[in-house]
Amino acid sequence: GARTMNIPFDGAIRTFFENDISPEIRTQVQNSGANDMLDPDYPYRKRLKRSAYEAELHALQIELVKFQAWIRDAGQRAVVVFEGRDAAGKGGTIKRVRENLNPRVAKIIALSKPSEAELGQWYFQRYIQHLPTTGHVTLFDRSWYNRGVVEHVFGFCTPEQRERFFTQVPEFEKMITEDGTRLIKIWLNVGRAEQLRRFLDRESDPLKQWKLSSIDVKGLSRWDAYSQAIGETIRASHTQEAPWTVIRSDDKRRARLQAIKAILSQFDYAQKDVSLVENIDPRITGGPELFHE
């Protein structure tokens, strides 16, 4: 007989898609091919061709290896924070950054929800222990910015706690950077139709179902609350010491290449291929102005 598929959360995403989403977005998702960009406002109609993507990714990964050698030999410390909505492409981007690096030099930190003890600590405490020592890079897959967005949207923190976070985060980041750690902050921004397409894809693919959580399902109907919280968070934490790079990630391939460039362009490492690394696409990579609520 046919293999029965175990669909997480009883197919809540499909149900939401069929009953609760605007007809406009439903049409965008239904009438699109795999290579079509769904957001009419996205500057490209098709995703980047695989051959072009793979060639540039390969060249950029060689640059990352040079960057790693420089970090190690020059005794530098770097932190890259990856933020964005669910399904914006954080995990896939981090994977491409880290793929050919030494896992002892470049660590990925993806913390789960705080324990009872951690809830009683200073908010930043559990993140601080993962900051790198000299010769190391830490890649945060989500970060202290949880407080600005997801904790706020779901009521996991009080308005006072969030206000305190907004007051403290520029100071916290200033302390880190003044002490010589380079901090790069990347916000991956995905359109609503594209996010929904990725969620539907995860729901139906047994290899991707682990990526779905009940928060994702509940968050579907809170798009606007998320948008508002993200806008507030980016504005409150975009500083001279620690600015945000916002990348429109509807095309995962373009977004991954831009994210690697956004990191590497901040460093003056040996044998850098400047024409490759600093060739950043302003249509999809920029500052907070690229985040539209």
Side-chain angles (χ1 to χ4, degrees), residues 37 39 42-44 46-72 74 76-85 88-102 105-108 132 136-143 145 177 181-191 194 234 238-291:
M37 294 291 102
D39 185 346
Y42 189 75
Y44 299 98
K46 297 274 180 194
R47 72 174 165 175
L48 185 62
K49 283 201 168 66
R50 180 177 291 280
S51 55
Y53 163 68
E54 287 179 346
E56 191 163 358
L57 180 63
H58 180 71
L60 285 168
Q61 287 181 332
I62 291 172
E63 292 300 301
L64 280 163
V65 171
K66 295 180 196 171
F67 162 71
Q68 168 185 261
W70 174 78
I71 286 271
R72 195 189 54 218
Q76 298 288 323
R77 299 179 299 209
V79 170
V80 189
V81 164
F82 291 87
E83 281 291 349
R85 295 179 197 264
K90 294 181 293 297
T93 302
I94 292 168
K95 181 182 169 186
R96 298 332 182 270
V97 169
R98 170 67 167 25
E99 222 157 23
N100 299 290
L101 302 183
N102 179 342
V105 171
K107 287 200 180 72
I108 300 172
H136 290 259
V137 181
T138 303
L139 309 171
F140 280 97
D141 181 348
R142 296 197 178 287
S143 66
Y145 284 100
T177 55
T181 296
R182 302 291 293 278
L183 175 60
I184 316 291
K185 302 190 303 193
I186 294 174
W187 201 291
L188 296 174
N189 193 33
V190 65
E194 180 59 33
I234 291 176
H238 180 66
T239 61
Q240 204 175 347
E241 291 85 15
W244 280 105
T245 299
V246 176
I247 300 176
R248 301 189 62 181
S249 64
D250 288 56
D251 178 356
K252 284 182 185 176
R253 290 173 181 168
R254 284 188 171 93
R256 288 166 186 167
L257 300 176
Q258 292 299 312
I260 296 172
K261 291 177 183 187
I263 297 166
L264 293 174
S265 62
Q266 306 287 323
F267 295 92
D268 204 10
Y269 56 91
Q271 279 122 40
K272 178 177 179 177
D273 180 345
V274 176
S275 61
L276 169 69
V277 168
E278 306 204 350
N279 177 20
I280 286 170
D281 183 348
R283 283 166 294 188
I284 59 171
T285 305
E289 73 286 347
L290 272 189
F291 179 77

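Keep in mind the model is a prediction, meaning the values are calculated, not measured.
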Revision key, fill the gap. Those residues at least two apart in sequence (or on a different chain) that pass ring-ring contact (aromatic ring centres under 6.0 Å, His included) with Phe67 are Phe267
Review point. Of all residues at least two apart in sequence or in a different chain, which pass the ring-ring contact (aromatic ring centres under 6.0 Å, His included) check with Trp187?
Key: Trp244
Does any N or O in the side chain of [X] come within less than 3.5 Å of the main-chain N or O of [Y], such that one atom is a donor and the other an acceptor?
X      : Y      : answer
Lys185 : Ala242 : yes
Asn100 : Val65  : no
Ser249 : Ala88  : yes
Lys90  : Arg85  : yes
Glu83  : Ser143 : yes
Gln61  : Arg96  : yes

Any heavy-atom pair between the side chains of [Y] and [X] that's under 4.5 Å?
X      : Y      : value
Asp251 : Ile284 : no
Phe82  : Asp141 : no
Val137 : Pro132 : no
Ile280 : Gln258 : yes
Asn189 : Leu290 : no
Thr285 : Lys261 : no

Between [atom1] on residue [X] and [atom2] on residue [Y], distance to nearest 0.5 Å:
X      : Y      : atom1 : atom2 : value
Leu139 : Arg98  : CG    : CZ    : 7.5 Å
Tyr42  : Arg248 : OH    : CZ    : 7.0 Å
Tyr44  : Met37  : OH    : CE    : 11.5 Å
Ile186 : Thr93  : CD1   : OG1   : 8.0 Å
Lys272 : Leu264 : NZ    : CG    : 7.5 Å
Arg72  : His136 : CZ    : NE2   : 10.0 Å

Taking only residues two or more places apart in sequence, or in another chain, which ones meet [X] in a side chain to side chain contact (heavy atoms under 4.5 Å, CB included)?
X      : result
Glu54  : Arg50
Pro243 : His238
Leu276 : Glu56, Ala59, Leu60, Glu63, Asp273
Gln68  : Leu101, Asn102, Val105

Review point. Pick from Val246, Thr245, Ile247: which one makes a side-chain contact (heavy atoms from CB on, under 4.5 Å) with Leu188?
Key: Ile247
Check your understanding: Would you say Glu289 has more than 12 foreign heavy atoms packed within less than 6.0 Å of its CD?
Key -> yes
Exercise for review: Would you please test Val80 and Ile94 for side-chain contact (heavy atoms from CB on, under 4.5 Å) and show each step?
Suggested key: CA-CA 10 Å; Val80 189; Ile94 292 168; over 6 Å; no
**Study point:** Heavy-atom pair of closest approach, residues Ile234 and Pro288
**Key:** CG2-CB, 3.6 Å
Check your understanding: What's the shortest heavy-atom distance between Gly191 and Asp250, and which atoms?
Key -> N-OD1, 3.2 Å
Review point. Going by distance alone, is a donor N or O of one side chain under 3.5 Å from an acceptor N or O of the other, for Tyr53 and Arg47?
Key: no
Practice item. Verify the distance criterion only: is there a donor paired with an acceptor across the side chains of Thr177 and Glu241 at less than 3.5 Å? Key: no
**Study point:** Ionic contact status for Arg283 with Asp281, cut-off 4.0 Å
**Key:** yes
